[in-house]
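To start, the structure under review is shown below, and the notes come after it.
Note on naming: letters A, B, ... go to the chains in the order of the sequence lines (proteins, then strands), and numbering restarts at 1 for each one. Heavy-atom basis, side chains included; hydrogens, waters and symmetry copies ignored.
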Amino acid sequence: MPAPMDPLVKLDSRITVGSTEDHASHAPLIEVKDLSLWYGTANALDHITVLIRERVVTAFIGPSGCGKSTFLRCLNRMNDLIDHVRIAGSVHIASQDIYSHEVDVIELRKRIGMVFQKSNPFPKSIYDNIAYGLRIQGVRDRAALDEAVEKSLRDAALWEEVKDRLHSSAMGLSGGQQQRLCIARAIAIRPEIILMDEPASALDPLATARIEDLILELKKEFTIVIVTHNMQQAARISDFTAFFYLGKLVEYDTTARMFTNPARKQTEDYITGRFG
Amino acid sequence: MALVTPTVRRPDRWATLHRSARARPVEWLVERGILLVSLSAILLVFLIFLFVAREALPVALGRMTSARGQRPLPVDSLDQIPRESLRAYLGLKADEFVAMTREQLQLLMEIKAEELAGVSEDKDAAVNTTQWRYLIGPHQWSDYDQPEFIWQPVSRVPKYNLVPLVIGSLKTTLVALLFAVPLALGAALYVSQLAAPQVKEYLKPVIEMLSGIPSVVLGFFGLIVMASALQFVFGYQYRLNAFVAGLALGLAVIPVVFSIAEDALTSVPRSYVQAALALGSSRWQAAWRIVLPAAAPGVFAAVVLGFGRAIGETMVVLMASGNASIVSWNLFESTRTMTATIAAELAETVVGGHHYRMLFLIGAMLFIVTFVANLIGDVVIHRLKTKLEGKA
């Protein structure tokens, strides 16, 4: 398990390879303009403008309470569920304003999967967990469900471990397996975008490594936006990195440049571990 | 290599490790006090059951008799009868018998003869109606065309068949649960998962306030308002019946089921709902397909508690059921429950008599039914829990 003390050392060995790709081939998918958000009177996000490209991994880093998770939840409108939230600015996904009144939030969320910090499988069987998303869309065909379940579990690198106990409870899996199950559940409905809110923060290093490998595999097919506390993780898996601090977007660039040559002093201080 | 025993010790600092209980005497006292109180609650329930069971035991074991098949003895034969059988015939205790003068005994014999005069001709009177076969099975009484289940404790020949009462209790309980459980669970699901916080703030206390309504008021409401209204709507013949009683009873059951179910549904982790919504569920789908199954143990417990309340509730059914002890599964006929029977009749019985003991037997049966229901409930809840937690 690689655990370098200095993120800068880590960089030249692995990350630069992924980041030297020609990002022009990845079209912009999510455009956020001047997004601000208040919880009551507390300003959690302050004029965020970001452009996220398709089929790359974009990481949000920053100290606790900097608004990165809040921002992530704006992208699939999970903040709608919280009372007293006020949002200004715009979020366009594939040129559609997702905060427009005509947008069906349920349709939106079918296209944007989400993986949470704490693994939250339903207290149902492994099979039923994966099939849930399809079932609520009205898929009843047993063969189609079987196929989707197997494919999702294979994609999430969990199939081999659980194929003999698909119908036992998901609560019996280990923490790492549960988190991969949640990823499998999210990709079962074939979303375009997967949002990950610190997906590995509650896992041990081995399970974390598996999740990270999985993310690198998934970006071939999905657009992944990930929030992480762990800067090495951002450096290892992401193509773009955004640094949030106190509700503001401090810097946003390719991961390679962020970690080797940050434009802002604040970013450099944070990623070299001087604060945060 | 042998273990090295520490030779240097510092008893001054570590000695205090060993005085845990005595070190906090107040906590210790409070803890014991609470333990004592809770144990006494268990003891109290046990003693109540013991009391009820003791009163019912002679009937349950078939040691009582209501048969009056004796022939009257001629009064002038007083001196020919053995002393002991005379005492038994008059139903006197030994000391009472000894204290009697001859004139008194003669008088008692005359009264007894009068009492037995009509009875001796009646073949029903010879039947010991407190035997289990008469309590459970039908019997053809002399003035009936066919064997029937009859509860008629205050009659020339008391008839104690329990079947009409059991059916009455089951009927009203069934109606109450069919009415209350879907409503209460629906309300609980709505309040805990779907309602806006402002709505929830009002709805929850208002529904729970229903449990504060005295059952006599609910019974009154059932008797006066609901009975007439429902008869007007459905047009059935008997104004007071199992249907009306069941619905009124349902009003008493709703807050019980609602309160427990709402707690269970609310305690389902929000993360399940979030995951479901993030997968593109509507709030209703998340509530119905994720939260409700996840709360199944608590919801089931709520229903069991509702059952206990329904079958044990007395005042509502006493007032609104019509109290006719007939055997019929028709919901629109008057009915009489076990609880209402005890409430209505116990005050008029002779202490220690067979009617008295029969009512205690019914009480013991109710006790056992609720106990068994709770036991089964516990087992089911335990199974559901292990299934949800994946330990199965």
Side-chain angles (χ1 to χ4, degrees), chain A residues 72-73 75-84 104-126 128-138 165 167-174 178 181-182 185-191 193-197, chain B residues 189-204 261 263-302 380-392:
Chain A
L72 196 73
R73 286 159 167 270
L75 300 182
N76 65 346
R77 291 185 56 176
M78 286 299 273
N79 285 330
D80 290 13
L81 305 171
I82 304 168
D83 300 316
H84 314 299
D104 180 1
V105 185
I106 289 164
E107 280 304 316
L108 175 78
R109 294 196 189 124
K110 282 177 188 167
R111 292 178 171 81
I112 305 177
M114 188 160 194
V115 177
F116 296 83
Q117 176 173 8
K118 200 166 166 292
S119 61
N120 52 0
F122 302 131
K124 294 170 179 286
S125 73
I126 294 168
D128 288 341
N129 260 279
I130 310 285
Y132 176 79
L134 292 166
R135 282 189 174 139
I136 57 168
Q137 291 183 24
R165 49 169 173 153
H167 293 283
S168 57
S169 173
M171 308 307 269
L173 297 174
S174 74
Q178 284 191 10
L181 179 78
C182 291
R185 184 175 66 187
I187 61 183
I189 55 170
R190 298 283 124 189
I193 302 165
I194 300 175
L195 307 177
M196 297 187 174
D197 191 355
Chain B
L189 204 60
Y190 177 75
V191 166
S192 74
Q193 300 299 316
L194 306 170
Q198 303 94 299
V199 179
K200 178 177 179 165
E201 212 170 292
Y202 289 102
L203 216 48
K204 191 171 145 76
D263 282 348
L265 290 166
T266 302
S267 66
V268 170
R270 285 294 296 163
S271 66
Y272 294 169
V273 179
Q274 297 226 333
L277 293 176
L279 284 166
S281 309
S282 62
R283 291 171 73 105
W284 168 250
Q285 282 170 328
W288 181 251
R289 304 183 66 152
I290 299 297
V291 177
L292 193 60
V299 168
F300 189 79
V380 173
I381 288 162
H382 186 74
R383 289 231 176 120
L384 285 171
K385 267 189 184 156
T386 31
K387 199 176 146 219
L388 283 178
E389 285 160 13
K391 286 173 194 154

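Most heavy-atom pairs under 4.5 Å with chain A, from the set Val273(B), Ile290(B), Val268(B): that is Ile290(B). With respect to chain B, the highest number of heavy-atom pairs below 4.5 Å among Lys118(A), Gln137(A), Met114(A), Arg135(A) belongs to Arg135(A).
Across all their heavy atoms, Ala275(B) and Phe116(A) have their closest contact at CA-CE1, 3.8 Å. Scanning all heavy atoms of the two residues, the minimum distance from Lys110(A) to Leu279(B) falls at CG-O, 4.1 Å. Of all non-hydrogen atoms in Tyr132(A) and Ser281(B), the two that sit nearest each other are OH-OG, 2.8 Å. Minimum heavy-atom separation, Pro123(A) to Tyr272(B): CD-CE1, 3.4 Å. The nearest pair of heavy atoms linking Lys124(A) to Pro293(B) is NZ-CG, 4.2 Å.
No side-chain heavy atom of Asn120(A) sits under 4.5 Å from any side-chain heavy atom of Pro269(B).
In this structure, His84(A) places its NE2 atom where only 12 or fewer heavy-atom neighbours from other residues, nucleotides or ligands lie under 6.0 Å away. Within a 6.0 Å radius of CZ in Arg165(A), more than 12 heavy atoms belonging to other residues, nucleotides or ligands are found. With a 6.0 Å radius and a threshold of 12 heavy atoms from other residues, nucleotides or ligands, Arg77(A) has its CZ atom above the threshold.
Both the backbone and the side chain of Arg289(B) come within less than 4.5 Å of a heavy atom in chain A. Contact annotation for Arg73(A): only side-chain heavy atoms (C-beta onward) come within less than 4.5 Å of a heavy atom of chain B. Using a 4.5 Å cut-off between heavy atoms, Pro191(A) makes no contact with chain B at all. In this structure, chain B has a heavy atom under 4.5 Å from the side chain of Leu81(A), while its backbone stays farther away. Both the backbone and the side chain of Ile136(A) have a heavy atom closer than 4.5 Å to some heavy atom of chain B. Both the backbone and the side chain of Ala276(B) come within contact range of chain A, with heavy atoms under 4.5 Å apart. The contact between Ile112(A) and chain B is made entirely by backbone atoms, counting heavy-atom distances below 4.5 Å. Residue contact with chain B, scored on non-hydrogen atoms closer than 4.5 Å, involves the backbone and the side chain of Arg185(A) alike.
For the atom pair Gln198(B) CD and Asp83(A) CG, the distance stands at 7.5 Å (nearest 0.5 Å).
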